[in-house]
J.: 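Here's a structure for you.
Just so it is clear: chains get the letters A, B, ... in the order the sequence lines come, proteins before strands, and each one is counted from 1.
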Amino acid sequence: MIELRNVSKSYAKGRVKAVDDLTLTVRPGEIFGFLGPNGAGKTTTIKMIVGLLKPDRGTVVVAGFDVRKEPLRAKAVTTYVPDTPAVYERLTGLEYLNFIGDVYGVSKKDRLARIEKGLEVFELSSAVGSPIQSYSHGMKQKIVLIAALLPAPRVMVLDEPMVGLDARSAHHMKNLLREHCQGGGTLFFSTHIMEVAEKVCDRLAIIHKGRLVAEGTMAELRSRNGTKESLEHIFLELTET
Amino acid sequence: MSRFGSLVRTALRVNFGLSLFRPREILRRKRDLWMIPLIVLGAASLGPVLYFYLKIIRTVHGWLAPTGQQAVLITAAVLAGQVFVFIFGFYYVISAFYFSRDLEILVPLPLAPAQVMTSKFAVILTNEYLTIALLVLPVFVSYGLLEGAGAGYWLAAGLVYLFLPVIPLAAVGLLVVGLMRVANFSRKKDVLIIVGSLILMTAALGGQLWLGRSAGASPDPEAIARIFASSDGFVRSLGAKFPPSLWATKIVAGGSAGEGLKSAALFFGMSALLFVGLVAAAGKLFYGGLVGLGETSGRKKALGRRALAGRLSSGRRPVRAVFLRELRIMNRTPIFLLNGVLSVVLIPVLFALMAKTGSGRSDIAGILKALGSANPVASVLVSALFMAVSGCLNGTSSSAFSREGGQFWLSKVIPVSPRDQAKGKFLHSYAVAVLGIVAAAAVIRFTVRPAASVMAAAAAYSAVGAVALTSLGMMIDLARPLLNWTNPQKAIKQNLNVLLAVLADLAFFGLLFLLAKFLGRAGMSAAAAMAVLFALLTVLSAGSYRLLLAFADKRYPQIE
């Protein structure tokens, strides 16, 4: 469902390699965890998947569409949640959701059902008519998540989605994302929370200094590293400089 | 470096984006090279404006010199500069003192409130030096050269220029700090900006009317005789409205040494007094007014199922969605609203007041009426120009992309083609332009009262021309969108694209004027020349709109 082939991206005229020859495949219906230390290249990779950054080399294919050659088709099946919920603060929560519904072409019936569900799960019904600028950080994160689920996308790409969420909301979010994948959707997300990655993800990848250092299921990672330790242990070992 | 020095240095670096300014990078990265001719063109287009300004100064100096009244040029420049700083300083002061996001970083630091506020004052002061440079410096320099002034003049002029913005800025600062502490508007910053702006605009309009009335009143021959009898009669007459401009004139170009020293004591003393007062007020009131910064009303608005369903649309309608987003964000952000929507209404209203302040046939409306009846073609073109200027010479189109700021990522990830997004934005900018055209048309209708055919023709010309001007403004902004702002003011009021677009618009008007002149000289009849102009405008508008859409397709993927 998501394919990265020999993708590279550098900054400062090639002096800083953010992503270095990354090849990765995410299968349909999979929850894929993308891990790495700060500055490892996670966000750069994610931004290349959703079309925010242009790779220097390599190709990114989402649902069979090359994101450079057929960007609109790739975007039509993808939604994205950034690491900071920078959304239109002057719109109300509902206006923002309606905007997303309009640009993705969601029918009124689906819009109503999905918005109601999202608002209920994330306990945001009482604030949806207020401007987003009056929301707390966590509330903004929730409205962005509801918006990302609204088009029922085939692919969801999330950058640190747990940041700012309380324990209850994080729990609900995990359930919703699992539900999304059970319905055939694919999920690609980055996180620093090892426990979440270990419990939620079907497969994982660890990136370090722009290069892929491990990929597979939890069991595969353990067997490759000859350990029965936790993901945190494996992560620390693989990302030691 | 001292703590305070470091604070000011950092504030200036942030304000002018010095850390991001890499001229060598631009030269090395060929894709940004297009900016160089654009900047050169922008600077070059200031040339004619400056040339005419200098010519006017020289001419007025020539008129006044025989009666020894030429120092009134200095008074007028200082007065204009200080009024400019006072009016626009309000926005700068309020957003820098209370609504800039770096306050969340600065307030917890071990710095005194007065230090934080003074660093912000230094940044605004630097901005003001640049803002009023074009207005004031040509007068100071021309006057010095024409009078063959010595070193004393240049020293005094330099000192006066450095202190010129202090009085109005400190006065505005005191007003704002006091207002924030007393009313604690911090949770209703939008209300404060709108109410404050309306108060200032009313004051400006009131002042305009007052000055107009006093100028338009029947002249007292004795008063005129008194003005001419004294060598500084004009200076005193003008400076009486605002004494600091009188003091500044006396320091730079005035009479005896004793009088100069007295004026210097008054001018610099008043500046120091107001500044010290502001620093003292900051120590006591500044952080008090900040309580609640970043907080908003705790009341939230819930919606029932029926209300929710009633507000939802259906299906895919990207252009409409982008248009509505632009409309809502513009109208709900006070700085955007005041500089875009409100200004297109305000310009014609100001004109109407100016036109009505004179008396009898000496007023502007009377002159235009006479011009219209003598030459209907000129009447159409002047009316169309006024409508187009009212509708288009604002920052709406030339900040259409910059206004998105940090939210531009959304425009990059949504499944809407760049040309569809540009269409939605164009519709919004054009709607604002049409509002300005309608406001200007109403003002023309009620002041000049031209024939209906003249009104209709002028409206048609301006409506078609506005397509080209809107597209041009949007293309300039799309070429170099300012997306990393933390204060909405930077997106529209301090955005170079807005100035570049105004200059481009003026060049556009200039070209049309030259063409009209050429057609007239070529012996073409007025009707035929008008038809050629209209056809050309239509082609230019259609072409520029298509170019905008194509440019959006090319440019969007490049913006990272």
Side-chain angles (χ1 to χ4, degrees), chain A residues 12-13 47 50-54 68 71-80 82 84 86-112 115-116 119 124-131 133-136 139 144 147-148 151 153 157, chain B residues 25 28-29 187 189-190 294-305 307-322 324-326 328-334 336 403-418 420-421 424 488 556-560:
Chain A
K13 293 180 11 115
K47 285 184 172 175
V50 299
L52 281 171
L53 289 177
K54 189 172 72 175
R68 295 289 314 285
L72 286 184
R73 289 184 159 194
K75 286 172 186 177
V77 294
T78 313
T79 59
Y80 165 59
T84 44
V87 281
Y88 307 122
E89 304 236 328
R90 299 278 170 177
L91 299 189
T92 65
L94 186 63
E95 284 167 350
Y96 174 59
L97 295 174
N98 214 19
F99 171 76
I100 295 295
D102 279 343
V103 297
Y104 279 90
V106 183
S107 71
K108 187 167 183 174
K109 190 178 148 219
D110 287 342
R111 237 180 254 205
L112 184 61
I115 288 174
E116 273 191 320
L119 294 177
L124 220 55
S125 302
S126 61
V128 72
S130 303
Q133 67 176 350
S134 67
Y135 291 12
S136 67
M139 288 163 83
V144 177
V157 180
Chain B
E25 285 286 302
R28 271 190 221 154
R29 290 171 63 176
R187 291 184 194 186
K189 52 187 176 186
D190 296 352
E295 289 177 21
T296 44
S297 160
R299 277 178 296 166
K300 297 277 185 291
K301 205 170 166 187
L303 292 172
R305 191 169 203 275
L308 198 64
R311 292 187 193 192
L312 291 176
S313 47
S314 186
R316 192 165 187 277
R317 29 182 156 184
V319 177
R320 181 181 177 274
V322 172
L324 280 177
R325 178 194 68 184
E326 295 296 310
R328 285 171 175 150
I329 292 175
M330 180 107 185
N331 291 353
R332 292 174 191 175
T333 311
F336 296 164
R403 288 197 304 271
E404 285 196 55
Q407 281 96 49
F408 191 73
W409 70 268
L410 268 158
S411 295
K412 290 264 293 180
V413 302
I414 54 176
V416 180
S417 66
D420 277 352
Q421 297 197 40
Y556 260 66
Q558 295 171 343
I559 303 170
E560 290 189 344

J.: Could you tell me whether a side-chain N or O of Lys412(B) sits under 3.5 Å from a main-chain N or O of Val50(A), the two making a donor and an acceptor?
T.: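 Such a contact is absent between Lys412(B) side chain and Val50(A) backbone.
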J.: Is chain B contacted by the side chain of Leu97(A), its backbone, both, or neither, given a heavy-atom distance below 4.5 Å?
T.: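 Looking at Leu97(A), nothing touches chain B.
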J.: Just wondering, more than 12 heavy atoms not from Lys109(A) lying within 6.0 Å of its NZ?
T.: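 No.
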J.: Please name the pair of heavy atoms, one in Ile414(B) and one in Tyr104(A), separated by the smallest distance, quoted to 0.1 Å.
T.: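 Closest approach of Ile414(B) to Tyr104(A), heavy atoms only: CA-OH, 4.4 Å.
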J.: Ala86(A) and Gln407(B): which non-hydrogen atoms are nearest, and at how many Å?
T.: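 Looks like O-CG, 3.6 Å.
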J.: Any non-hydrogen side-chain atom of Arg320(B) less than 4.5 Å from a side-chain atom of Asp102(A)?
T.: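 Yes, at least one pair of side-chain atoms sits under 4.5 Å.
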J.: Does a sphere of radius 6.0 Å around NZ in Lys47(A) hold more than 12 heavy atoms from other residues, nucleotides or ligands, not counting ones at 6.0 Å or beyond?
T.: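 No - once you tally the heavy atoms of other residues, nucleotides and ligands closer than 6.0 Å, there are 12 at most.
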J.: Look at Ser313(B), Ala321(B), Gly406(B) and state which one has the largest set of heavy-atom pairs under 4.5 Å with chain A.
T.: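 Top option by heavy-atom pairs under 4.5 Å: Ser313(B).
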J.: Please identify, among Leu52(A), Ile100(A), Leu119(A), Leu124(A), the residue contributing the most non-hydrogen atom pairs under 4.5 Å to chain B.
T.: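 Highest number of heavy-atom pairs under 4.5 Å: Leu52(A).
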J.: Looking at every non-hydrogen atom in both residues, tell me the closest pair between Ser411(B) and Tyr88(A) and how far apart they are.
T.: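 Of all heavy-atom pairs spanning Ser411(B) and Tyr88(A), the closest is OG-OH, 4.1 Å.
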J.: Tell me the closest heavy-atom pair linking Arg316(B) and Val103(A), and the distance in Å.
T.: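 Arg316(B) and Val103(A) have their closest heavy atoms at NE-O, 3.1 Å.
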J.: Which heavy-atom pair separates Thr92(A) from Arg332(B) by the least distance, and what is that distance?
T.: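 Smallest interatomic distance, heavy atoms only, reads N-NH1, 4.0 Å.
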J.: Please state whether the side chain, the backbone, both or neither of Leu94(A) comes within less than 4.5 Å of a heavy atom of chain B.
T.: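 Leu94(A) touches chain B through side-chain heavy atoms alone.
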J.: Is a side-chain N or O of Arg328(B) found less than 3.5 angstrom from the main chain of Arg90(A), in a donor-acceptor match?
T.: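 The answer is no, because no donor-acceptor pair under 3.5 Å joins these two groups.
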J.: For the side chain of Arg111(A) and the backbone of Ala309(B), is there at least one donor-acceptor N/O pair under 3.5 Å apart?
T.: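 Pair absent, no side-chain N/O of Arg111(A) close to backbone of Ala309(B).
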J.: Would you give the length of the straight line joining atom CG of Leu312(B) to atom CG of Asp110(A), rounded to the nearest 0.5 angstrom?
T.: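 Going from CG on Leu312(B) over to CG on Asp110(A), the span is 11.5 Å.
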J.: Which residue out of Val416(B), Leu324(B), Asp420(B) racks up the most heavy-atom pairs below 4.5 Å with chain A?
T.: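 Counting heavy-atom pairs under 4.5 Å, the top option is Val416(B).
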J.: Give, as side chain, backbone, both or neither, the part of Val87(A) having an atom under 4.5 angstrom from any heavy atom of chain B.
T.: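 It is both, since atoms from each part get that close.
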J.: If you look at every heavy atom in Lys54(A) and Glu560(B), which pair is closest and at what distance?
T.: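 Closest approach of Lys54(A) to Glu560(B): N-OE2, 3.0 Å.
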